[in-house]
2 protein chains.
Amino acid sequence: MLPQRSIWLHPKSPDIVQIVDQRPLPHQLAIADLTTVDEATIAIKDMWVRGAPLIGATAAYGVYFAVKEARTASNPAEFFSQKIDQLLASRPTAVNLAWAVNRQLEAILGIEDWGKKAEIAFDTANQIVEEDVAQCHQIGVHGLALIEDCYKKTGKPVQVLTHCNAGRMACVAWGTATSPIYQAHAAGIPVHVWVDETRPRNQGARITAWELAQAGIPHTVIVDNAGGHLMQHGMVDLCLVGSDRTTLTGDVANKIGTYLKALAAHDNDVPFYVALPSTTIDFTLKDGLKEIPIEKRAESEVTKIQGWTGESLEQVLLTPKDSPAANYAFDVTPARLVTGLITERGICDASEAGIRGLFPDLG
Amino acid sequence: MLPQRSIWLHPKSPDIVQIVDQRPLPHQLAIADLTTVDEATIAIKDMWVRGAPLIGATAAYGVYFAVKEARTASNPAEFFSQKIDQLLASRPTAVNLAWAVNRQLEAILGIEDWGKKAEIAFDTANQIVEEDVAQCHQIGVHGLALIEDCYKKTGKPVQVLTHCNAGRMACVAWGTATSPIYQAHAAGIPVHVWVDETRPRNQGARITAWELAQAGIPHTVIVDNAGGHLMQHGMVDLCLVGSDRTTLTGDVANKIGTYLKALAAHDNDVPFYVALPSTTIDFTLKDGLKEIPIEKRAESEVTKIQGWTGESLEQVLLTPKDSPAANYAFDVTPARLVTGLITERGICDASEAGIRGLFPDLG
């Protein structure tokens, strides 16, 4: 069974949230059940799920579980508050986590009865999921125009480069950066995707390539070092990436290495677009480099790698046993290197004016 | 036994050239014997040895073997010519290969006797090796001044970022980019090296980290995606890389991904120096992007990776089984992004004037 979404309710029991455990992809397709706030926290922290929108959706169900569990705690309010803090601390960079948790907190604000709170939190989580699907679809509609324009100009398959996974496994469905690609493919526009493997966790090589293969979209996996060479030689028409947090001024925190690709795009006049639902915009921030916290993860993600031996998944050591490693998970691409932001409401400049223009009602 | 050099004559038999087989590093230290031109060709082509200067040295011994073997061939001249072509075709990007082969051909030019030719070729190969050691030492002397200047300014450990392996395993000894680092360390200047892992073949994580660990020099392995983030945050004082081929105008072909680091250095005012012996300068070229052939290697270097399971070396698959990959081994960094070239005769601008100024007698 290939799940159409990355997160869904168990068909026979809406108290169970099911996810694709993304860690063994593409070698094994594993479905995991989440039934408690602790399980939701672990799924986010240990990256069973990842991608800003999906982190938000998972956290929303996490809040629902926390409410449910609070009902039977000796001190419900204290229990709930502690679990919310735990959820919020699970990943620092993506703003959707805090956004989804805050939306839940607002939704249940002022409600006294924990049973009623649970109902509201459940409905809100489902709403967040459905809104993400709709937003990502709309991002695709707007981004499709860019791919179409390229195709009209050259008459050749449109060469898109993407970094990490901003696909349906980063969201609920469609993806952000991949949504225009899926929709172009469906519209019969030939498109080929250069997939950055995206070390250290290889979300590109493992997940984006897998998604594109499932959809029958031509693609080629490359190492993260290769994109500059491709752009120097006119082999990329368009860069499309996602965002984990976007400042009001258009700076974009995304998977480590995104900044390097933006520099290469800028140096070679390749348009560099960031696709994002408005949920990744942090309207409180104006300087991404100074203000966005960059998660530092375990060294072992750099020193070791997991792959398929032909029979099983195995981790192998890549470095000398005494050499230390550092593992910064994200970097910030300054707005000056971003050609435009593709949002659910259209494409805008990576600037406060651009963002305020599309989202005067938010922030 | 830790070999002090990457290539040397067997202590008991000068007819055997010994190398470190670099493929299982850092997990296993394997010494291989080369005794024929075919073995030398395979060692270069399959990257038992790599790095422009070491490829040159190995090719020089390859020519010596070809001469020796020609003596007993039915048509010595035809045999020799075919083996030379085979050697020249083993790797396309590094110019040292052609340089070393041509130097050998010039050395034996006009000599009729194959026995005499063999003597000359043997001596020339040994000379090439000794010259490389001396040149790399001098590169270190000149580069040391840059590290010293940094230390004088900040009083803090000098943070150097390097890409791939331009160390002693890329040369005969000292290395190019690492020579200033070894000499700074020996002079008591505190230095810390950010080591790009350098996918796909991980020469940084495997070989540079191993060399630095052997020398007791503080270092940290990072993924290739991380350097931009470090430079944005003032965590790199100096980039030091090697070169596989340098145009007369100062464009530098080096391991894929070098260009991305040069862009990040430029964007953050971090000095970006390329360390190279004059043997990597191709005086016939003026436009690196258009004129330097970029080797395309096997997809399997991208789709699979080798590591240590704890008991043995194993290759694991990283990508979906039907996803294609592309593997460009080098890219070209335009001279405009290079702060300076560190050569055996001093530091010069990455320009024709700079190169002609230091090497009026060459090219």
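Just so we're on the same page: letters track the sequence lines, and every chain starts at 1.
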Does some side-chain heavy atom of B:Met235 sit less than 4.5 Å from a side-chain heavy atom of B:Gln159?
no

Begin with the C-alpha distance, continue with both residues' side-chain angles, and end with the deciding distance and a verdict on side-chain contact (heavy atoms from CB on, under 4.5 Å) for A:Met231 and A:Phe272.
CA-CA 11 Å; A:Met231 291 190 233; A:Phe272 188 92; over 6 Å; no

Given that the side chain runs from C-beta out, which part of [X] has a heavy atom under 4.5 Å from chain B: side chain, backbone, both or neither?
X        : value
A:Ile294 : side chain
A:Glu197 : side chain
A:Leu230 : side chain
A:Ala226 : both

Just verifying a value: how many Å separate A:His229 NE2 and B:Phe330 CZ, rounded to the nearest 0.5 Å?
11.5 Å

Can you tell me how far the NE2 atom of B:His192 sits from the CG atom of B:Leu161, to the nearest 0.5 Å?
10.0 Å

Can you tell me which of [options] forms the most heavy-atom pairs within a distance under 4.5 Å of chain A?
options                                : result
B:Ala329, B:Pro320, B:Pro334           : B:Pro320
B:Gly204, B:Gly257, B:Gly227           : B:Gly257
B:Ile222, B:Thr220, B:Ile305           : B:Thr220
B:Lys255, B:Lys290, B:Glu299, B:Arg336 : B:Arg336
B:Asp224, B:Leu212, B:Val332           : B:Asp224

Donor-acceptor pair, distance only, cut-off 3.5 Å: does the side chain of [X] make one with the backbone of [Y]?
X        : Y        : answer
A:Gln203 : A:Cys164 : no
A:Arg50  : A:Met169 : yes
A:Asn268 : A:Val270 : no

Part of [X] within contact of chain A (heavy atom distance under 4.5 Å):
X        : value
B:Ile207 : neither
B:Glu301 : neither
B:Leu25  : neither
B:Asp322 : neither
B:His266 : neither
B:Pro26  : side chain
B:His219 : both

Options A:Asn327, A:Thr198, A:Leu318, ranked by heavy-atom pairs under 4.5 Å with chain B, top entry
A:Leu318

Interface check, chain B: of A:Thr258, A:Asn202, A:Leu289, most non-hydrogen pairs under 4.5 Å belong to A:Leu289

Give me the one residue out of A:Arg206, A:Arg201, A:Glu211, A:Gln22 that meets side chain to side chain donor-acceptor pair (under 3.5 Å) with A:Asn165.
A:Glu211

Which atom pair, heavy atoms only, marks the closest approach of A:Val302 to A:Arg199?
O-NH2, 2.8 Å

Criterion side-chain contact (heavy atoms from CB on, under 4.5 Å) against A:Val338, the qualifying member of A:Val274, A:Thr246, A:Asp251, A:Val241
A:Val274

Out of the candidates A:Asp267, A:Asp331, A:Asp196, only one should pair with A:Lys261 under the salt bridge (Lys or Arg N to Asp or Glu O under 4.0 Å) rule; please name it.
A:Asp196

